[in-house]
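Pasting a structure here, questions to come.
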Amino acid sequence: MEDINIYTLLLLVGFGFLAAFIDSVVGGGGLISIPALLFSGLPPSTAIATNKLASSMGSLTSTIAFIRSGKVDFRLVSKLFPLVFIGSLLGALLVKFISPELLKPLVLVLLIVVAIYTILKKNWGNESTYRKLTWQKALLFAFAIFGIGFYDGFLGAGTGSFILFAFLLIGFDFLQSAGNAKFLNFESNIAALILFIFLDMVNFAYGIPMGIAMILGALVGSNFAIKKGVAYVRVLFILVTVFLIGKNLLDYVRSM
């Protein structure tokens, strides 16, 4: 068994809890957990793969909490499951051959659009207005979910925010969108994790302790969001999206 630095492990546990607390509601936890794993000395591809193990443990916990609170639309998410699962598998497979850095400029633009749209529409997502979609809108929505699943397997940071935004666009309120997003985010995490394990890219010595911390963080975060309601989720969503923009912008400038 490989040597484990206790200080590195404590760092991963601490940041894992914080990442899961935020990620359990609106996504974006990867911006905290992946840099922590990189700081531990893991190669980028191994850090992404190990994060999938830990975040899968956390997202399962928050998914269960949202299911128990009745905030998951099973009729809809069950139809979307194959799309996000296959998309995530393809994205994870591509990590082996192409650097995820290639997507960052596009992700930055999309995050800015999401932030501006959400801030300007002040009452958006306060109440659910979801109705059965026309086949054209359903096709567009399905394509978006597949694309987000692919992105999650390929890069991942901010996936929960993108899925949540997609559900807001079709009329769900913030809390229902968060519940549906976490369910699909868990499925995409599992798909990518299966492939990463098969390719022997996961560091279990760091991933499992971090995952246990993420279980606790997700439990606290999701229950806190359910208790506080829509307004809290909206504010957290905007804050995390702005933080995602800042982080991606900084990375992009540094790479120039």
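The first residue of the sequence shown is numbered 1, and numbering continues consecutively from there.
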Notebook entry, point to check: Under the side-chain hydrogen bond (donor to acceptor under 3.5 Å, both in side chains) test, which residues partner Ser88, sequence neighbours left out?
Noted result: none
Checklist line | Heavy-atom neighbours of Phe143 CZ exceed 12 at 6.0 Å | finding: no
Check: Can any side-chain N or O of Ser33 pair as donor or acceptor with the backbone N or O of Ala19 at less than 3.5 Å?
Finding: no
Item checked: Qualifying residues under side-chain hydrogen bond (donor to acceptor under 3.5 Å, both in side chains), relative to Ser222, sequence neighbours excluded -> none
Next item on the list: Tell me, please, which residues at least two apart from Thr8 pass side-chain contact (heavy atoms from CB on, under 4.5 Å).
Entry: Asn5, Leu12, Ser40, Tyr206
Margin query: Membership question, hydrophobic clusters at under 4.5 Å side-chain separation (ILVMFWY): are Leu219 and Ile226 in the same one?
Written below: no
Margin query: Test of understanding: clusters of I, L, V, M, F, W, Y form through side-chain heavy atoms closer than 4.5 Å, transitively. Do Leu249 and Val109 belong to the same one?
Written below: no
Note to self: On a heavy-atom basis, which atom in Val13 and which in Pro209 lie closest, and how many Å separate them?
What the structure shows: CG2-O, 4.0 Å
Next item on the list: Would you please indicate if the ring centroids of Tyr151 and Phe162 are separated by under 6.0 Å?
Entry: yes
Note to self: Looking at every non-hydrogen atom in both residues, tell me the closest pair between Ser59 and Asn189 and how far apart they are.
What the structure shows: OG-ND2, 3.4 Å
Margin query: Per the salt bridge (Lys or Arg N to Asp or Glu O under 4.0 Å) rule, what does the pair list look like for residues 44-71, sequence neighbours excluded?
Written below: Lys52-Asp152
Next item on the list: Please name the pair of heavy atoms, one in Leu184 and one in Val77, separated by the smallest distance, quoted to 0.1 Å.
Entry: CD2-O, 3.8 Å
Note to self: Considering only residues two or more places apart or on different chains, which pairs with a residue in residues 37-46 satisfy salt bridge (Lys or Arg N to Asp or Glu O under 4.0 Å)?
What the structure shows: none
Check: Closest heavy-atom contact between Gly160 and Ala181?
Finding: O-CB, 4.0 Å
Notebook entry, point to check: When clusters are formed from ILVMFWY side-chain contacts under 4.5 Å, directly or step by step, what else is grouped with Leu139?
Noted result: Trp135
Next item on the list: Give the intermediate values and the outcome of side-chain contact (heavy atoms from CB on, under 4.5 Å) for residues Leu216 and Val220.
Entry: CA-CA 6 Å; Leu216 296 174; Val220 175; 5.6 Å; no
Notebook entry, point to check: Under 4.5 Å between any side-chain heavy atoms of Tyr130 and Phe167, yes or no?
Noted result: no
Check: Heavy atoms, side chains only, cut-off 4.5 Å: are Leu164 and Leu168 in contact?
Finding: yes
Notebook entry, point to check: Below 4.5 Å, heavy atoms only, C-beta onward: do Phe196 and Ile48 meet side chain to side chain?
Noted result: yes
Check: How many angstroms lie between CZ in Phe154 and OG1 in Thr159, if you round to the nearest 0.5 Å?
Finding: 12.0 Å
Notebook entry, point to check: If you group Ile, Leu, Val, Met, Phe, Trp and Tyr by side-chain heavy-atom gaps below 4.5 Å, do Val113 and Phe165 land in one group?
Noted result: no
Margin query: Strictly by salt bridge (Lys or Arg N to Asp or Glu O under 4.0 Å), give each pair with a member in residues 184-195 just once, sequence neighbours left out.
Written below: none
Notebook entry, point to check: Would the Phe224 and Tyr232 ring centres measure less than 6.0 Å apart?
Noted result: yes
Item checked: Residue pairs, two or more places apart or on separate chains, that pass salt bridge (Lys or Arg N to Asp or Glu O under 4.0 Å) and touch residues 193-218 -> none
Margin query: So, taking the atom named CG in Leu93 and the one named CZ in Phe150, what distance separates them when rounded to the nearest 0.5 Å?
Written below: 9.0 Å
Item checked: Residues that Ser128 engages under side-chain hydrogen bond (donor to acceptor under 3.5 Å, both in side chains), provided they are two or more places apart -> Gln176
Note to self: With side-chain contact (heavy atoms from CB on, under 4.5 Å) as the criterion, how do Met210 and Leu37 come out once you've worked through the C-alpha distance, each side chain's angles and the decisive distance to 0.1 Å?
What the structure shows: CA-CA 10 Å; Met210 193 177 201; Leu37 286 163; 3.8 Å; yes
Margin query: Do Val233 and Leu120 sit in one hydrophobic cluster, given that two such residues count as connected whenever their side-chain heavy atoms are within less than 4.5 Å of each other, even indirectly?
Written below: yes
Notebook entry, point to check: Is there side-chain contact between Leu38 and Leu42, with at least one heavy-atom pair below 4.5 Å?
Noted result: no
Item checked: Which atom of Leu9 lies closest to which atom of Ala205, heavy atoms considered -> CD1-O, 4.0 Å
Note to self: Let me confirm one number: the CD1-CD1 distance from Ile116 to Ile245, rounded to the nearest 0.5 Å.
What the structure shows: 7.5 Å
Check: OG1/Thr134 to NZ/Lys132 distance, rounded to the nearest 0.5 angstrom?
Finding: 10.5 Å
Next item on the list: Please lay out, stage by stage, how Phe74 and Ile67 fare under the test side-chain contact (heavy atoms from CB on, under 4.5 Å).
Entry: CA-CA 9 Å; Phe74 279 105; Ile67 290 172; 3.8 Å; yes
Next item on the list: Anything under 30° is parallel, anything over 60° is perpendicular, the rest tilted; go ahead and classify Phe81 against Phe85.
Entry: tilted
Checklist line | Hydrophobic cluster partners of Val235 (side-chain heavy atoms under 4.5 Å) | finding: Leu239
Notebook entry, point to check: Ser24 and Ser62: which non-hydrogen atoms are nearest, and at how many Å?
Noted result: CB-CB, 3.6 Å
Next item on the list: Would you please name every residue forming a side-chain hydrogen bond (donor to acceptor under 3.5 Å, both in side chains) with Asp23, sequence neighbours left out?
Entry: Lys182
Check: So, does Arg234 use its side chain to make a donor-acceptor pair with the main chain of Thr118 at under 3.5 Å?
Finding: yes
Note to self: Just verifying a value: how many Å separate Leu89 CG and Leu195 CG, rounded to the nearest 0.5 Å?
What the structure shows: 6.0 Å
Margin query: If you define the side chain from C-beta out and look only at heavy atoms, does anything of Ser161 sit under 4.5 Å from Val114?
Written below: no
Next item on the list: Give a yes or no on whether Ile145 and Leu140 share a hydrophobic cluster (residues Ile, Leu, Val, Met, Phe, Trp, Tyr; joining criterion: side-chain heavy atoms under 4.5 Å apart).
Entry: no
Item checked: Side chain to side chain, Ile170 and Lys137, heavy atoms closer than 4.5 Å -> no
Margin query: Nearest 0.5 Å, please: how far is CG in Leu175 from OG in Ser69?
Written below: 6.5 Å
Next item on the list: Please check if the side chain of Ser188 supplies one atom and the backbone of Asn185 the other of a donor-acceptor pair under 3.5 Å.
Entry: yes
Margin query: For a side-chain contact (heavy atoms from CB on, under 4.5 Å) check, start with the C-alpha distance between Val84 and Ile148, then their side-chain angles and the critical distance, and finish with the verdict.
Written below: CA-CA 7 Å; Val84 76; Ile148 295 169; 6.0 Å; no
Notebook entry, point to check: Does Phe204 reach the side chain of Ile197, with side-chain heavy atoms less than 4.5 Å apart?
Noted result: yes
Notebook entry, point to check: Does any non-hydrogen side-chain atom of Asn51 lie less than 4.5 Å from one of Met214?
Noted result: yes
Check: Restricting to pairs with a member in residues 31-54, which pass ring pair (Phe, Tyr, Trp, His ring centres under 6.0 Å), not counting sequence neighbours?
Finding: none
Item checked: Passing candidate, side chain to side chain contact (heavy atoms under 4.5 Å, CB included) with Leu80, options Phe183, Phe141, Phe146 -> Phe141
